[in-house]
Chemist: 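Okay, here's the structure, questions in a sec.
The structure presented is a predicted model; accordingly, all values stated were derived computationally and were not measured.
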Amino acid sequence: MSTDPGGACGWGEARTYASQLPQLRVEARDPDHVPPVAEKVMVQFQVAWQDGAGVERSYTYDTGYKSPIPGTPFTHTVTQPPSGEPQIPSDAVIRWDARAYDGEAWGPWSSDGGAGRCEVVLDSVRPGAPAVGSVRYPDDGVWHPGGEAGVFTFSAADGDSDVVRFRYAFFGETSKSVAAGADGTASVSWTPKSSGRFRVEVESFDAAQNVSGRTVYEFLVS
């Protein structure tokens, strides 16, 4: 069971994140299927969430019939309710599970037996542009002696508690990524190889891989 975007099924602290309504994927099995009889099965998805007012909402979706060949996916893309009805809000935790039907009986829900329902957090809001700072090479319009490494600190914008990494590129170099700590910051060391005007461009990414606007930090090295 998985979601795209998102990844493998997880719940609680292991839940995944998606920047758009995800496609749900499962594989179904029919244990009493005996070849060469090509018995087919269908899958029913159940999707649930809380709307913006905190009211529990849900719906079910039945796929068409397929032969339960290993590796064959049954899929459903989560859809918003009809216009005029409460929508799935950003930051909603979408919970889902599935069960199979062979034309005679329903199998158990995938969450039966103690497994949790798969969860994916819908997060379509881009984080704010990060802040950048350096004690050794500040962005202050003043020329600072070079030849030494400077520490550059990247910080998530105020209120962006879900930033997980930063992508950055110093002038003339390829971009790199660094993970954000629990406090929403990360630090990298960089040494200018000559005098001149330099810059580093930095973007934030949240758990759903939404990307922020770009911060350009310029500094002068003598």
Chemist: Taking ILVMFWY side chains as joined if any heavy atoms are under 4.5 angstrom apart, and letting links pass through other members, which residues group with Val188?
Modeler: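 Members besides Val188, by chain and number: Val132, Tyr137, Phe152, Phe154, Val163, Phe166, Tyr168, Phe170, Val178, Trp190, Phe198, Val200, Val202, Tyr217, Phe219, Val221.
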Chemist: Just wondering, do Tyr59 and Thr79 contact through their side chains at under 4.5 Å, heavy atoms?
Modeler: yes
Chemist: Side-chain donor-acceptor contacts of residues 180-187 below 3.5 Å, not counting sequence neighbours, with atom names and distances?
Modeler:
{"residue": "Asp183", "atom": "OD1", "partner": "Thr185", "partner atom": "N", "Å": "3.2"}
{"residue": "Asp183", "atom": "OD1", "partner": "Thr185", "partner atom": "OG1", "Å": "2.9"}
{"residue": "Asp183", "atom": "OD2", "partner": "Thr185", "partner atom": "OG1", "Å": "3.1"}
{"residue": "Ser187", "atom": "OG", "partner": "Thr153", "partner atom": "OG1", "Å": "3.0"}

Chemist: If you compare all heavy atoms of Ser177 against all heavy atoms of Arg165, which two are closest, and at what distance to 0.1 Å?
Modeler: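 Minimum heavy-atom separation between Ser177 and Arg165: OG-NH1, 3.0 Å.
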Chemist: Hey, what do you get for NZ (Lys66) to CD (Glu27), rounding to the nearest 0.5 Å?
Modeler: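 The distance works out to 10.5 Å.
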Chemist: For Pro22 and Thr3, work out which heavy atoms get closest and say how close.
Modeler: CB-CB, 4.0 Å
Chemist: Ignoring hydrogens, what is the shortest heavy-atom contact between Ile88 and Ala92? Give both atom names and the distance.
Modeler: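 It is CG2-CB, 4.0 Å.
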Chemist: Looking at every heavy atom in both Pro5 and Ala18, which two are closest together, and how far apart are they?
Modeler: O-CB, 3.6 Å
Chemist: Which atom pairs, one a donor and one an acceptor, fall under 3.5 Å between side chains of residues 41-54 and the rest of the protein, sequence neighbours left out?
Modeler:
{"residue": "Gln44", "atom": "OE1", "partner": "Arg99", "partner atom": "NE", "Å": "3.0"}
{"residue": "Gln44", "atom": "OE1", "partner": "Arg99", "partner atom": "NH2", "Å": "3.0"}
{"residue": "Gln44", "atom": "NE2", "partner": "Asp62", "partner atom": "OD1", "Å": "2.9"}
{"residue": "Asp51", "atom": "OD1", "partner": "Ala53", "partner atom": "N", "Å": "2.8"}
{"residue": "Asp51", "atom": "OD1", "partner": "Gly54", "partner atom": "N", "Å": "3.1"}
{"residue": "Asp51", "atom": "OD1", "partner": "Val55", "partner atom": "N", "Å": "3.0"}
{"residue": "Asp51", "atom": "OD2", "partner": "Arg57", "partner atom": "NE", "Å": "2.8"}
{"residue": "Asp51", "atom": "OD2", "partner": "Arg57", "partner atom": "NH2", "Å": "3.0"}

Chemist: Given Tyr17 and Asn210, is the side chain to side chain contact (heavy atoms under 4.5 Å, CB included) satisfied, shown in steps?
Modeler: CA-CA 10 Å; Tyr17 289 75; Asn210 294 303; over 6 Å; no
Chemist: Taking C-beta and beyond as the side chain, do Pro81 and Gln87 meet within less than 4.5 Å on heavy atoms?
Modeler: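 They are in side-chain contact.
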Chemist: Under the ring-ring contact (aromatic ring centres under 6.0 Å, His included) test, which residues partner Tyr65, sequence neighbours left out?
Modeler: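 Counting only residues at least two positions away or on another chain, Tyr65 forms no ring-ring contact (aromatic ring centres under 6.0 Å, His included).
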Chemist: Report the distance from atom CG of Asp139 to atom OG of Ser134, rounding to the nearest 0.5 Å.
Modeler: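 It is 10.0 Å, given to the nearest 0.5 Å.
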Chemist: Distance check, rounded to the nearest 0.5 Å: Met1 atom CE versus Arg25 atom CZ?
Modeler: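 It is 13.0 Å, given to the nearest 0.5 Å.
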Chemist: Count I, L, V, M, F, W, Y as connected when their side-chain heavy atoms are under 4.5 Å apart, and connections chain through other members. Are Tyr61 and Val26 then in the same cluster?
Modeler: yes
Chemist: Which atom names give the shortest non-hydrogen contact between Pro130 and Gly213, and what distance separates them?
Modeler: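 Smallest interatomic distance, heavy atoms only, reads CD-O, 3.9 Å.
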Chemist: Can you list, pair by pair, the side-chain donor-acceptor contacts under 3.5 Å of residues 105-116, counting residues two or more places apart and other chains?
Modeler:
{"residue": "Ser110", "atom": "OG", "partner": "Ala98", "partner atom": "N", "Å": "3.0"}
{"residue": "Ser110", "atom": "OG", "partner": "Ala98", "partner atom": "O", "Å": "3.4"}
{"residue": "Ser111", "atom": "OG", "partner": "Asp97", "partner atom": "OD2", "Å": "2.6"}
{"residue": "Asp112", "atom": "OD2", "partner": "Trp109", "partner atom": "N", "Å": "3.2"}

Chemist: Between His144 and Val142, is there a donor-acceptor pair closer than 3.5 Å when you use the side chain of the first and the backbone of the second?
Modeler: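 Looks like yes, one N/O pair under 3.5 Å.
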Chemist: If you look at every heavy atom in Ala169 and Ser175, which pair is closest and at what distance?
Modeler: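 Nearest heavy atoms, Ala169 then Ser175: CB-CA, 3.8 Å.
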Chemist: Extract all donor-acceptor atom pairs below 3.5 Å that involve side chains of residues 118-129 and protein atoms in other chains or at least two apart in sequence.
Modeler:
{"residue": "Glu119", "atom": "OE1", "partner": "Gly12", "partner atom": "N", "Å": "3.0"}
{"residue": "Glu119", "atom": "OE1", "partner": "Arg15", "partner atom": "NE", "Å": "3.0"}
{"residue": "Glu119", "atom": "OE1", "partner": "Arg15", "partner atom": "NH2", "Å": "3.0"}
{"residue": "Asp123", "atom": "OD1", "partner": "Val125", "partner atom": "N", "Å": "3.2"}
{"residue": "Arg126", "atom": "NE", "partner": "Val211", "partner atom": "O", "Å": "2.7"}
{"residue": "Arg126", "atom": "NH2", "partner": "Val211", "partner atom": "O", "Å": "3.2"}
{"residue": "Arg126", "atom": "NH2", "partner": "Ser212", "partner atom": "O", "Å": "3.3"}

Chemist: How long is the straight-line distance from OG1 of Thr77 back to CG of Leu24, given to the nearest 0.5 Å?
Modeler: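 Separation between the atoms: 7.5 Å.
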